[in-house]
Amino acid sequence: MEKIDYWNIAFTIFFVFLIIVGYALVWRYGPPYSIPWWDALILALAAFRLTRLVVYDNITQWFRDLVEDAPPKTFLGTVKTLVNCSWCTGLWFALVVSVMYFAWPETWFALFVLALGAVASFMQITSNLIGWHAEYKKLETIEKRGDFNG
């Protein structure tokens with residue numbers, strides 16, 4: 001029989017608790033009956049950028065290193081799983097940016113900066129893909145011709 005991972009259960013309960021608290025905060029400032037599509041896009045991009053920051057970027061590598069050797073089914077092991085899973089972390093940050101947007105409109109500028117960072121990331125990835133594709137085609141041409149007169 002496999003040991004129950006109580007820390008995953010605890011984190012799930014904590015997440016549900018945060019949703020309830022976030023919901024209460026949002027409704028305290030007035031119910032959100034609608035959200036403009038542009039604002040929804042900004043929130044999605046902000047959540048994406050925060051997720052990427054924690055799960056992949058070098059600047060937070062120190063944090064991932066802190067929990068790297070954590071054994072499974074422990075508090076730190078659960079944190080390790082969370083910070084190494086973009087799906088998991090993305091859900092937490094979706095909650096964070098949603099509460100920020102609805103409960104504290106003054107955080108709009110921070111969310112906008114994060115969204116711009118996400119767009120910049122997409123632009124960098126796209127330019128890398130174009131460059132790699134061009135390099136591949138160049139090498140393919142050299143291989144077919146046997147030389148490069150370039």
Side-chain angles (χ1 to χ4, degrees), residues 1-140:
M1 184 167 153
E2 191 171 325
K3 181 181 170 189
I4 295 174
D5 190 346
Y6 291 105
W7 283 110
N8 274 345
I9 295 169
F11 271 66
T12 302
I13 292 169
F14 181 60
F15 185 76
V16 170
F17 171 76
L18 290 178
I19 288 174
I20 293 167
V21 168
Y23 185 80
L25 280 171
V26 168
W27 277 82
R28 180 175 166 218
Y29 293 100
Y33 291 109
S34 68
I35 178 172
W37 71 268
W38 178 253
D39 288 3
L41 179 63
I42 296 296
L43 295 178
L45 289 168
F48 164 80
R49 189 63 199 107
L50 284 169
T51 300
R52 177 135 182 105
L53 180 71
V54 170
V55 177
Y56 299 109
D57 287 353
N58 287 336
I59 197 166
T60 56
Q61 183 64 48
W62 65 271
F63 182 70
R64 292 189 302 277
D65 288 346
L66 284 175
V67 295
E68 182 177 317
D69 296 326
K73 299 184 181 181
T74 64
F75 175 80
L76 290 179
T78 304
V79 171
K80 173 187 174 181
T81 300
L82 183 65
V83 300
N84 285 300
C85 172
S86 58
W87 297 97
C88 307
T89 305
L91 188 60
W92 285 76
F93 280 126
L95 174 62
V96 168
V97 300
S98 296
V99 171
M100 288 173 64
Y101 173 82
F102 287 113
W104 300 292
E106 60 274 5
T107 62
W108 174 251
F109 181 72
L111 296 173
F112 186 71
V113 169
L114 288 166
L116 288 177
V119 171
S121 294
F122 288 132
M123 291 171 69
Q124 182 62 50
I125 290 167
T126 301
S127 68
N128 285 347
L129 289 173
I130 291 168
W132 293 336
H133 180 74
E135 187 66 24
Y136 173 77
K137 289 296 186 183
K138 182 177 85 173
L139 293 173
E140 191 177 67

J.: Is the number of heavy atoms from other residues, nucleotides or ligands under 6.0 Å of Y56 OH greater than 12?
T.: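 Incorrect, the count does not exceed 12.
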J.: With a 6.0 Å cut-off (strictly less than), is the heavy-atom count around CD1 of I59, excluding the residue itself, greater than 12?
T.: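 Atom CD1 in I59 is not crowded, with 12 or fewer foreign heavy atoms closer than 6.0 Å.
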J.: A side-chain contact here means heavy atoms from C-beta on lying under 4.5 Å apart; do M123 and N128 qualify?
T.: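 Counting from C-beta outward, M123 and N128 never come under 4.5 Å.
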J.: What pair of heavy atoms forms the shortest contact from G90 to T51, and how long is it?
T.: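 So the two residues come closest at CA-OG1, 3.1 Å.
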J.: Working to the nearest 0.5 Å, report the span between CG of L50 and CG of L114.
T.: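 Nearest 0.5 Å value for the CG-CG distance: 4.5 Å.
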J.: Hey, does V83 have a side-chain heavy atom less than 4.5 Å from the side chain of V55?
T.: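 Answer no - side chains too far apart.
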J.: Indicate yes or no: at least one non-hydrogen side-chain atom of V99 is less than 4.5 angstrom from one of L18.
T.: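 They are not in contact (no side-chain heavy atoms under 4.5 Å apart), so the answer is no.
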J.: Any side-chain heavy atom of F17 within less than 4.5 Å of one from I13?
T.: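 No, too far: nothing below the 4.5 Å cut-off.
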J.: On the 0 to 90° scale, with breaks at 30° and 60°, tag the F75-W7 ring pair as parallel, tilted or perpendicular.
T.: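 Because their plane-to-plane angle is over 60°, the rings of F75 and W7 count as perpendicular.
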J.: Look up atom CZ in F122 and atom CZ in R52, then write down how far apart they are to the nearest 0.5 Å.
T.: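 Answer for the CZ-CZ pair, F122 versus R52, is 9.0 Å.
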J.: About how many Å separate CE of M100 and CD of E106, when rounded to the nearest 0.5 Å?
T.: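 The CD atom of E106 sits 9.5 Å away from the CE atom of M100.
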J.: Using side-chain contact (heavy atoms from CB on, under 4.5 Å) as the criterion, point out the one residue from T78, T74, T81 that pairs with D5.
T.: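 The side-chain contact (heavy atoms from CB on, under 4.5 Å) with D5 is passed solely by T78 among T78, T74, T81.
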J.: Minimum heavy-atom separation for G117 to R49, with atom names?
T.: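 Here G117 and R49 meet closest at C-CD, 3.6 Å.
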J.: With salt bridge (Lys or Arg N to Asp or Glu O under 4.0 Å) as the rule and sequence neighbours excluded, what pairs involving residues 60-69 come up?
T.: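 Found none.
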J.: Might you point out which heavy atoms bring I35 and A40 nearest each other, and give the distance in Å?
T.: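 So the minimum-distance heavy-atom pair works out to CD1-N, 3.9 Å.
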J.: Applying side-chain hydrogen bond (donor to acceptor under 3.5 Å, both in side chains), which residue pairs with at least one partner in residues 92-105 are found, sequence neighbours left out?
T.: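 Matches after skipping sequence neighbours: D39-Y101.
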J.: So, for Y136 and W132, is the gap between ring centers shorter than 6.0 Å?
T.: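 No: the rings miss the under 6.0 Å criterion.
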J.: Please report the interatomic distance NZ(K80) to CZ(F63), rounded to the nearest 0.5 Å.
T.: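 Rounded to the nearest 0.5 Å, the NZ-CZ separation comes out at 13.0 Å.
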J.: Drop me the distance from T89's OG1 to F48's CZ, to the nearest 0.5 angstrom.
T.: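 Separation between the atoms: 13.0 Å.
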J.: Can you measure from CD1 (I20) to CG (L25) and round to the nearest 0.5 angstrom?
T.: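 Interatomic distance, I20 CD1 to L25 CG, rounded to 0.5 Å: 12.5 Å.
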